[in-house]
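Take a look at the structure set out below.
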There are 2 protein chains.
Amino acid sequence: MEGVRDMSKLALVNDDQVGAFVQQLRLWRIQRRPGQSLYHEGDPAEFVYRVDKGWVRLLLDGEDGLRRIFAFVGPGDYFGANLQERDCTAEACTDLQLTVIPVAGLLRIGRTDPVALLELFEACTKHYRERVEVGRGQPSAAEKLRAFIARMGERITSGGRSGICLPFSQVNLANYLGVAPETLCRAAVQLCERGELARHGRRLWIGGCPPPRQKTGKQAKELGACDAAHAW
Amino acid sequence: MEGVRDMSKLALVNDDQVGAFVQQLRLWRIQRRPGQSLYHEGDPAEFVYRVDKGWVRLLLDGEDGLRRIFAFVGPGDYFGANLQERDCTAEACTDLQLTVIPVAGLLRIGRTDPVALLELFEACTKHYRERVEVGRGQPSAAEKLRAFIARMGERITSGGRSGICLPFSQVNLANYLGVAPETLCRAAVQLCERGELARHGRRLWIGGCPPPRQKTGKQAKELGACDAAHAW
DNA sequence: CGACCCCTTGATAATTGTCAATCCAGGTGG
DNA sequence: CCACCTGGATTGACAATTATCAAGGGGTCG
């Protein structure tokens, strides 16, 4: 809970300052398709990113060959603040639109406003801090999922939307929560029965109800709306 | 593993730079006894700390009243880099000797060397990054413990010591690893049988073997050596 | 319309949490 | 120096949760 409050404060206080700060630099935008990677663990770190549209997942490649997703980065979030090399891999969960911020330029203008520079880096480490709260203790899978949708719910209310569909597969979410996909599925069924979660097609919705059911062609259009929703 | 490499690099490359950086400020030292707290979640953040001797634990107080330890901070480590307010609680695990670094001063001299300032803050967030690797996936309790002692082993080799005794109770370690104390105990027994872990009195030792067994009076003296070991 | 992939569901085994009792190291006081 | 005391550590038994394996169904996309 505390982390959520910190998050909202960051969004209210720092984003404007940080946004103005980075505007001093020459920025540009890039797009990515779902599954494409932005950088890999070990790459030299040259850019910080801001998500304008879509969702990014941050993950580590375990020595056992398993990849561990530890953060989902959404619209308005910054990520990729590494001084030397990348400490994780970043991939697109959805269609993606990003603003690219060169680190070299950040360090240059950092002399004028070190606080804004720190705030930008702190915004990027936000995802690591949140991770500390996830999967801690020994709550059941249902409680992990409930905590997750609660945190995601914070985003939709601040975005002024009534609902949001999870912009990634259940397999990804299971990986993130540290449970087996089957376990997550059962937990989702459980929360759906209690009305804490909704389902529309293959997508899970949190917050408001999904749009009314229609025929297949219509559903595709609704999914378009879903994409718009999770992209703000 | 990757995180460990990053850590060692930080220790080799940044610490000297960061140390020289903070030397520009007026620093002072404080002591703490085991269990005493340095700050609580929500407190205004005024200081960054460097551990000179002993160990600190960082933890969150869950809404269920349970505290979750997410990091152990040891000699040479920095912690406490928050811009606004504390995002966690810091407590002494052992007898503690710390160097206090005022944040206001850091921000002031940050204009001259923003990179060093960022490196200091990055060194502080190191513990959050490491946390991402812990408890991820669904390894067994024994594997979690094995991964932990492997990471701690890195510290002892870099410190030039042959062994180190865990400077905190098994309850704390169980909390950190996200398992029940009984489960951790069983895992410890398992690793002790395989020689991956040693026991001396009530303390667990990793790396080199504990000092030879002697009589009670002697053992107390050995434990003093243990304290010296975990304090470097 | 068809194929592929993800989701779902069931059954079973393994791991772990929980509860309870006991042990023992380390400290205390006599 | 020794008996006592206290709290963490240990051990066992059991219940609960979850991982795993396997099979089937349904959505999504070509």
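Residue numbers start from 1 in every chain, and the chains themselves are labelled A, B, ... in the order their sequence lines are given, proteins ahead of strands. The basis for the numbers below is simple: all heavy atoms, side chains too, and nothing from hydrogens, waters or symmetry mates.
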Listed nucleotide nearest any side-chain atom of A/R202, set C/dT8, C/dT9, C/dC6: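 Shortest atom-to-atom distance from the side chain points to C/dC6.
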What integer distance in Å separates [X]:[atom1] from [N]:[atom2]?
| X | N | atom1 | atom2 | result |
| --- | --- | --- | --- | --- |
| B/L204 | C/dC24 | CG | P | 17 Å |
| B/L184 | C/dT15 | CG | P | 17 Å |
| B/K144 | C/dT15 | NZ | C1' | 11 Å |
| A/L166 | C/dC6 | CG | C1' | 15 Å |
| B/Q170 | C/dC24 | CD | P | 15 Å |
| B/N172 | D/dA9 | CG | P | 8 Å |
| B/R203 | D/dT10 | CZ | P | 12 Å |
| B/R199 | D/dG8 | CZ | P | 17 Å |

Any residue meeting ring pair (Phe, Tyr, Trp, His ring centres under 6.0 Å) with B/F47, in chain and number order, not counting sequence neighbours: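 With neighbours one apart ignored, the set is B/W28.
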Run B/F72 and B/F168 through ring-ring contact (aromatic ring centres under 6.0 Å, His included) and show every step you take. CA-CA 9 Å; B/F72 295 111; B/F168 29 77; 3.8 Å; yes
Treating B/T94 as the side-chain partner and B/W55 as the backbone partner, does any N or O pair qualify as donor plus acceptor under 3.5 Å? yes
Could you check A/F121 against A/Y78 for ring-ring contact (aromatic ring centres under 6.0 Å, His included), going step by step and ending with a plain yes or no? CA-CA 8 Å; A/F121 271 65; A/Y78 293 85; over 10 Å; no
By the salt bridge (charged side-chain N to carboxylate O under 4.0 Å, His left out) test, which pairs, at least two apart or in different chains, include something from residues 27-39 of chain A? A/R29-A/D52, A/R33-A/D95
Applying side chain to side chain contact (heavy atoms under 4.5 Å, CB included) between A/R50 and each of A/L120, A/L98, A/T99, report the one that passes.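 Result for side chain to side chain contact (heavy atoms under 4.5 Å, CB included) with A/R50: A/T99.
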For the helix from C/dC1-D/dG30 to C/dG30-D/dC1, what angle separates the axis at the start from the axis at the finish, each from five pairs, in steps of 10°? 50°
What does the list of N/O pairs under 3.5 Å between the protein and nucleotides 16-18 of chain D look like, with a distance for each?
{"residue": "D/dT18", "atom": "OP1", "partner": "A/A141", "partner atom": "N", "Å": "2.5"}

Could you check whether B/R131 makes a cation-pi contact with B/Y176, meaning its NZ or CZ is under 6.0 Å from the centre of the six-membered ring and within 45° of the ring axis?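 Because its charged atom sits under 6.0 Å from the ring centre and within 45° of the axis, B/R131 does stack over B/Y176.
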For nucleotides 10-12 of chain C, print each protein N/O atom paired with a nucleotide N/O atom at under 3.5 Å, atom names and distance only.
{"residue": "C/dG10", "atom": "N7", "partner": "A/R186", "partner atom": "NH1", "Å": "3.1"}
{"residue": "C/dG10", "atom": "O6", "partner": "A/R186", "partner atom": "NH2", "Å": "3.2"}
{"residue": "C/dA11", "atom": "N6", "partner": "A/R186", "partner atom": "NH2", "Å": "3.3"}

Less than 4.0 Å between a side-chain N and a carboxylate O, is that true for [Y] and [X]?
| X | Y | answer |
| --- | --- | --- |
| B/R67 | B/E91 | yes |
| A/D77 | A/K126 | yes |
| A/R86 | A/E46 | no |

Return each pair, listed once, that meets side-chain hydrogen bond (donor to acceptor under 3.5 Å, both in side chains) where at least one residue sits in residues 182-192 of chain B; pairs must be two or more places apart or across chains. none
